[in-house]
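Quick note on labels: first sequence line is chain A, next is B, and so on, each numbered from 1. Being a predicted model, the structure only gives us computed values, none of them experimental.
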2 protein chains.
Amino acid sequence: MKLNKASLFALIAVLELAGDTAKQLSTTDIAQKHGISAHHLAKIMRNLTHAGLVQAVRGAGGGYRFSGNVRRTTLLDVIQLFETLESELDIPHWGSDGDPIIVELQSITSEIDNLTKAVLDTITLATALKNTRIRAELMTNSA
Amino acid sequence: MKLNKASLFALIAVLELAGDTAKQLSTTDIAQKHGISAHHLAKIMRNLTHAGLVQAVRGAGGGYRFSGNVRRTTLLDVIQLFETLESELDIPHWGSDGDPIIVELQSITSEIDNLTKAVLDTITLATALKNTRIRAELMTNSA
DNA sequence: TTCAAAGTGGTATTAAAGTACCGAAATATT
DNA sequence: AATATTTCGGTACTTTAATACCACTTTGAA
């Protein structure tokens, strides 16, 4: 499960904003808090806006706020905006002749894809946030 | 499940050779049969040799033959020679400060990794070959 | 009007993967 | 013994995708 940075940054931002739906944060706020590239994040935030997951507030004092359903949107919903998760064992010029070995490998990898997607689709933002809160508490207690 | 070509080629070659353990094929034989780059495959075959999965026969008329256990070696055994399957959400300079969001994402992706590995580890070469034979038969019957 | 923020488009840099090539060693055939 | 075939090891080139960066525009609040 190698997430590209786009998906990763998107998940970070979405979880950050979804953690408190009243909060409004600029890209630089989020980027600094998590130590990631503000420039890169900016582009990603636009995608999230178009997808309707966050709402952009322009102008001075603006930023982003979460505008989705925390208990309905899953990690898969976020990730799929930035990568396909499909197998694509691209061997250029066939698929045409149906090499049985390739077909078998295709079938296996796509089965794994489905499994992966199923897992990601059962984890809502609310679920993930609950875990992060538990972790956060554990940290402050031990400190 | 995006396999890089190295893993993919390795799987093709191993399944090809394991399909008939008496068979001895040169890299160009295998490459031509499946329409893949012979150069690239050559390197991969060396790795497979070192890993003990295939045996190299040098000289004229030489080639490779399978030298593993068809019912014991799994797809995971082959794939792991060429890629790691670990998550590595590499955010450069921490992990140190234990950002709860990142930690949660780490935990999720590594859970998926384990699932993926588990699946690949239950599929032996024998299992995969059985399926390819079934497919091959279906094709000849329908033709 | 000024300033801070998002929005847009384009370019540059980097990293990884894939591909190609070469010379050398081994060995089977003639 | 000579020759052809094939693996072996290493190296260099090409291609592609990901990532980072920059300049400019638009918007809205103070």
I need the A/I108 CD1 to B/N131 CG distance, nearest 0.5 Å. 7.0 Å
Residue pair A/N4/B/G59 against DNA chain D: nearer the 5' end by closest nucleotide is B/G59
Between A/H39 and A/A60, who's closer to the 5' end of DNA chain D by nearest nucleotide? A/H39
Nearest heavy-atom approach of A/S67 to A/G52 is OG-O, 3.1 Å
Could you tell me whether A/H40 contacts a base, only the sugar-phosphate backbone, or nothing, with contacts defined as non-hydrogen atoms closer than 4.0 Å? sugar-phosphate
Can you measure B/D29 atom CG to D/dT6 atom P for me and round it to whole angstrom units? 7 Å
For the residue pair B/S26 and B/D29, confirm or rule out a side-chain donor-acceptor distance under 3.5 Å. yes
Is there any protein nitrogen or oxygen under 3.5 Å from a nitrogen or oxygen in nucleotides 11-17 of chain D, and what are the pairs?
residue	atom	partner	partner atom	Å
D/dT11	O4	B/K43	NZ	2.8

Taking all heavy atoms of B/F9 and all of B/I44, pick out the closest pair and write down the distance. CB-CD1, 3.6 Å
Judged by each residue's nearest nucleotide on DNA chain C, which is more toward the 5′ side, A/G62 or A/H50? A/G62
Taken to the nearest whole Å, CG/B/L48 to C1'/D/dC8 is 14 Å
Please report the distance, rounded to the nearest Å, between CG in B/N47 and P in D/dC8. 11 Å
Is A/E83 atom CD crowded by more than 12 heavy atoms from other residues, nucleotides or ligands, each under 6.0 Å away? yes
Any donor-acceptor N or O pair under 3.5 Å, side chains B/S7, B/N4: yes
Neighbour count above 12 (heavy atom, 6.0 Å) for B/K130 NZ: no
Any chance you could measure B/T124, atom OG1, to B/L129, atom CG, to the nearest 0.5 Å? 8.0 Å
When you measure only distances, ignoring hydrogens and angles, does the side chain of B/R58 come within 3.5 Å of the base of D/dT7 through a donor and an acceptor? yes
Which nucleotide in the set D/dT7, D/dA20, D/dT27 lies at the smallest distance from any side-chain heavy atom of A/S37? D/dA20
Could you tell me how far apart A/L41 (CG) and D/dA20 (P) are, to the nearest whole angstrom? 11 Å
Tell me what B/T27 touches on the nucleic acid: a base, only sugar-phosphate, or nothing, going by heavy atoms under 4.0 Å. sugar-phosphate
Contact span of DNA chain C against chain B, any nucleotide atom under 4.0 Å from a heavy atom, 5' to 3', runs C/dG18 to C/dA28
Rounded to whole angstroms, how far apart are CD on A/Q55 and C1' on D/dG28? 14 Å
Here the pair of heavy atoms bringing A/L11 nearest to A/L75 is CD2-CD2, 3.9 Å
